[in-house]
Amino acid sequence: MTRPARTVRTRLTPEARRAQLLECALAAFAENGLARATHSHVAERAGVSVPAVHSYFRTREDLVAAVLGEVEAYLIEVVSTALGGRKSVQQALRSLAVNFSNAAREKPDIIKVWLDWSTGVRADVWPRYMALLDRLHGIAQQLLERGKQEGVIPPALNARAAARAYLGGGHTVALMKFSGATPREFDAVIEHLVRSAMGLGAGEDLPD
């Protein structure tokens with residue numbers, strides 16, 4: 001009598017297990033929110049015991065910090081990549097706005113955690129969010145200052161204020177993606193964001 005072949009379970013390395021748990025944590029925090037997600041939510045998604053999650057993220061503070069670290073790294077990469085390099089100011093601004101839209105589709109858990117994090121004014125995670133915003137604003141401000149030097153942005157433009165307003169528009173673009181906005185609606189909002197950031201009126205031509 002032939003015995004059925006036994007299924008051999010592949011044991012994950014500690015690095016692979018931590019990465020798996022972190023991915024499950026992002027999904028759990030996106031679904032339950034920063035204030036409510038727990039080790040239990042992560043364990044259920046990963047199909048492991050709660051103590052197994054605690055062995056990688058000892059406290060809830062450790063778990064929250066790891067999740068926010070992933071969100072931080074992603075946003076810094078997206079903003080730096082779009083606004084850096086040799087692209088024109090207009091191309092860079094438009095690129096980032098489009099990337100925010102794409103991110104809501106490709107990395108919905110990260111974007112949902114980001115949106116939730118941005119509303120936690122009274123939470124202990126708020127100072128970390130403000131530090132992240134300051135860094136992102138600085139990247140955008142540097143691009144706008146370059147635009148002023150190149151003569152494509154009015155010298156009187158307050159680059160810091162424009163950077164703040166422009167990146168705030170990233171929230172709007174992401175929310176529009178989740179709400180099912182049409183391509184035409186996206187184009188209109190992105191056009192407005194780019195023009196506002198560059199200090200241009202509705203009737204003025206965008207520089208190349």
Side-chain angles (χ1 to χ4, degrees), residues 26-27 29-35 67-68 70-84 87-123 125-147 152-154 157-207:
L26 280 165
F29 276 70
E31 180 180 357
N32 298 284
L34 277 171
V67 168
L68 297 185
E70 289 294 294
V71 176
E72 280 178 337
Y74 181 77
L75 290 174
I76 290 170
E77 179 184 4
V78 167
V79 173
S80 298
T81 300
L83 301 188
K87 296 182 291 291
S88 71
V89 174
Q90 180 200 163
Q91 289 171 335
L93 292 170
R94 192 176 297 278
S95 173
L96 181 55
V98 171
N99 286 352
F100 275 132
S101 170
N102 292 339
R105 181 184 68 251
E106 297 166 3
K107 299 285 186 178
D109 291 340
I110 284 182
I111 300 303
K112 287 177 181 178
V113 174
W114 168 47
L115 294 174
D116 183 28
W117 189 10
S118 71
T119 65
V121 179
R122 293 188 178 88
V125 296
W126 185 245
R128 184 170 179 174
Y129 183 72
M130 294 305 293
L132 171 62
L133 269 190
D134 189 61
R135 184 170 177 180
L136 298 180
H137 291 156
I139 296 171
Q141 182 179 353
Q142 193 172 36
L143 174 74
L144 298 178
E145 294 289 1
R146 172 164 74 84
V152 298
I153 290 178
L157 179 79
N158 185 322
R160 188 67 173 181
R164 288 175 180 273
Y166 171 74
L167 287 175
H171 281 74
T172 299
V173 172
L175 289 170
M176 287 175 65
K177 196 69 176 182
F178 289 130
S179 67
T182 66
R184 186 173 181 178
E185 289 172 324
F186 276 113
D187 289 343
V189 170
I190 290 173
E191 178 82 4
H192 176 75
L193 288 174
V194 173
R195 285 185 173 278
S196 296
M198 296 182 70
L200 302 175
E204 297 180 75
D205 292 332
L206 282 168

Original post:
Is the backbone of L115 close enough, under 3.5 Å, to the side chain of S118 for a donor and an acceptor to pair up by distance?
Top reply: yes

**OP:** Tell me, with the steps shown, if E70 and V67 meet side-chain contact (heavy atoms from CB on, under 4.5 Å).
**Re:** CA-CA 5 Å; E70 289 294 294; V67 168; 5.9 Å; no

Original post:
Does atom NZ of K177 have more than 12 heavy-atom neighbours, drawn from other residues, nucleotides or ligands, at distances under 6.0 Å?
Top reply: yes

Original post:
Any side-chain heavy-atom pair from Y74 and I111 closer than 4.5 angstrom?
Top reply: yes

**OP:** Return yes if some donor-acceptor pair links the side-chain N/O of S179 with the main-chain N/O of M176 below 3.5 Å, else return no.
**Re:** yes

Subject >> L34 backbone acceptor or donor facing D116 side chain under 3.5 Å >> reply: yes

**OP:** Start with the C-alpha distance between L167 and F100, add both sets of side-chain angles, then the distance that settles side-chain contact (heavy atoms from CB on, under 4.5 Å), and finish with yes or no.
**Re:** CA-CA 10 Å; L167 287 175; F100 275 132; 4.3 Å; yes

Original post:
Please walk me through it: do N99 and V79 pass side-chain contact (heavy atoms from CB on, under 4.5 Å)?
Top reply: CA-CA 9 Å; N99 286 352; V79 173; over 6 Å; no

**OP:** Decide yes or no for L144 and L93: does some side-chain heavy atom of the first lie under 4.5 Å from some side-chain heavy atom of the second?
**Re:** yes

Subject >> Closest non-hydrogen atom pair, A159 against Q141 >> reply: CB-CG, 3.9 Å

Original post:
Do you know which two heavy atoms are closest between K112 and A30, and how far apart they sit?
Top reply: CB-CB, 4.0 Å

Original post:
Can you list the steps and then say if R160 with D134 is a salt bridge (charged side-chain N to carboxylate O under 4.0 Å, His left out)?
Top reply: CA-CA 10 Å; R160 188 67 173 181; D134 189 61; 2.5 Å; yes

Subject >> Where L96 and Y166 come nearest, the two heavy atoms and their spacing >> reply: CB-OH, 3.3 Å

Original post:
If every non-hydrogen atom of L26 is compared with every non-hydrogen atom of V113, which pair is closest and at what distance?
Top reply: O-CG2, 3.9 Å

Original post:
Can you name the closest pair of heavy atoms from W114 and A174 and give their distance?
Top reply: CZ3-CB, 4.3 Å

Subject >> Salt bridge E72-R128, side-chain N to carboxylate O under 4.0 Å >> reply: yes

